[in-house]
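Below is one structure, written out as structure tokens, with a few remarks after it.
The structure displayed is predicted, hence computed values, not measured ones. Here is how names work: the chains are called A, B, and so on, in the same order as the sequence lines, proteins then strands, and each is numbered from 1.
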There are 2 protein chains.
Amino acid sequence: MIADDSNRGGRAPRRSRGDVVDAALDLLDRVGLPDLSMRRLADHLGVQPSALYWHVENKQQLLAAVSARILGPVSADHAAGATLDVAARDVAVRLHDSLLAYRDGAEVVSSSLALGLVDPPAHARLRAVAAERGDAPALADTIADAITHFVVGFTFHQQQRRSADAWGAAAGGVAASVERVSAGGDDGFTAALDLIIAGATTTLLRRADAPDAASGAPTRHPAPRP
Amino acid sequence: MIADDSNRGGRAPRRSRGDVVDAALDLLDRVGLPDLSMRRLADHLGVQPSALYWHVENKQQLLAAVSARILGPVSADHAAGATLDVAARDVAVRLHDSLLAYRDGAEVVSSSLALGLVDPPAHARLRAVAAERGDAPALADTIADAITHFVVGFTFHQQQRRSADAWGAAAGGVAASVERVSAGGDDGFTAALDLIIAGATTTLLRRADAPDAASGAPTRHPAPRP
DNA sequence: ACCTGAACACCGTTCAAGT
DNA sequence: ACCTGAACACCGTTCAAGT
């Protein structure tokens, strides 16, 4: 919409906040989170480290912006008419894919999420579906919590294992699981996700039968003895 | 069993690896993970920073040992005869409590777990229960994965929110959720855990009906259209 | 066996000053 | 509006040398 005259006349190029986030995401994917320092990022941009602090409050806020970029595809154009459990599986798979799309993506997102610096990726979508279908918003939140924390934690573990494997293979060590790495193995992700979705489906059906218990209040019952 | 003559004669006290881990756990609880540096830890022990590297390989391995200490209570003396879903709930509650027992406990454990430097806290117990009951070990692993990643991720988020709240309250800000903090609120933990346990129970019953499908292979079916 | 002293190669962040 | 230069207060880790 706005004409791009940001470099009219050939003056030294100036950066926007968006450029800094772009460069950070690019550098993350190249060198990984442990080597993503503000000083390396400044180098990458051809700028002094202190210049970054004009565009960004601090490193944590920058990583939050990077997290939001990584999570972008999770909330893009959804098909209408899904049930809560179907939407939950869809969101989970998109989240998993998005985290795997960048090096150390799950670790970056995990901490931004814990610090509350980025929007939780599943809640808005599942709340919308619940509203459409007349399900309790509290149930949507419960499912969103279960999905989000499981997927992020699992993918974090999976991503570390893969880069460790890749390092071992590159160093000429015992390339034990090299095929699994290059094939993008499942590692049990789908099985555990199926289990959680089964829980969502069961809970959904139970509430449809007895809608008076649909408040979302936790039960905290001691499990029944066999 | 062995007599403690480690300081016989009043020489300068010498430290063991266990002492270093003890001190790290203590310092973690006092100052939090961001301020737990090797240099502060050395100070805390009355020793030069370089001395730590005689007892411990590096900081990550030290944090892994701290994680193992935090997770100790999760695998202590279990009652026999539980079903897989009941044992899963028990392990989840123990894990949650253990992580909350130390400042930033969930964050420390989360990264040690992702790096594969500490034993996953739920798997051994659930595998043992599965063996007792004739359930597939793959199912025990699936439930253990779902529980572990959910509980660690949720508690990480919960712990950050609580310390942010406590900081806001201490700084005299709007002490909005101070009662929830001091009361140790649930934040939806139990509701989401109930959902996952419901998934475990459902899967368990389904497999008991059709034991030929008990291999633990993921389904990856596209969800049925309504 | 356990620790000191000194060094190496880094960090994130602030802030006056420049253009 | 955007960036430089210089500084502050730190890091994790290594390694020869001491006792």
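Using modelled atom types, one finds no donor on one side chain facing an acceptor on the other under 3.5 Å when comparing A:R15 with A:H55. Side chains of B:D187 and B:H157: a donor-acceptor N/O pair is absent below 3.5 angstrom, by distance only.
On the C1' atoms, D:dC8 is 12 Å away from C:dC11, given to the nearest whole Å. Taking atom P on both D:dA9 and C:dA9, the two are 23 Å apart, rounded to the nearest angstrom.
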For every nucleotide of nucleotides 1-13 of chain D, 5' to 3': is a protein heavy atom under 4.0 Å from its base (B), only from its sugar-phosphate (S), or from neither (-)? BBSBB-B---BBB
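A 4.5 Å side-chain heavy-atom check between A:T155 and A:V109 finds every atom pair outside the cut-off. Proximity of A:L63 to A:L117: side-chain heavy atoms (C-beta onward) are nowhere separated by under 4.5 Å.
Interface residues of residues 108-118 of chain B facing DNA chain D, ordered by number: none; criterion, heavy-atom separation under 4.0 Å.
The partner of D:dC3, taking Watson-Crick or G-U wobble pairs whose two distances both stay under 3.5 Å, does not exist in any strand shown. Pairing of C:dA9, defined by two Watson-Crick or G-U wobble distances under 3.5 Å, is not identified with any nucleotide. Pairing of C:dA17, defined by two Watson-Crick or G-U wobble distances under 3.5 Å, is not identified with any nucleotide.
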Might you work through the side-chain contact (heavy atoms from CB on, under 4.5 Å) test for B:D145 and B:H123, ending with a clear yes or no? CA-CA 8 Å; B:D145 277 339; B:H123 288 66; 3.0 Å; yes
Kindly determine whether B:R39 and B:D43 satisfy salt bridge (Lys or Arg N to Asp or Glu O under 4.0 Å), including the steps that lead there. CA-CA 6 Å; B:R39 298 172 111 102; B:D43 258 27; over 6 Å; no
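Aromatic ring centroids of B:F154 and A:F150 lie 6.0 Å or more apart.
Within the structure, side chain to side chain donor-acceptor pair (under 3.5 Å) pairs that include any residue of residues 64-76 of chain A comprise A:D22-A:R69, A:S67-A:S112 (at least two apart or interchain).
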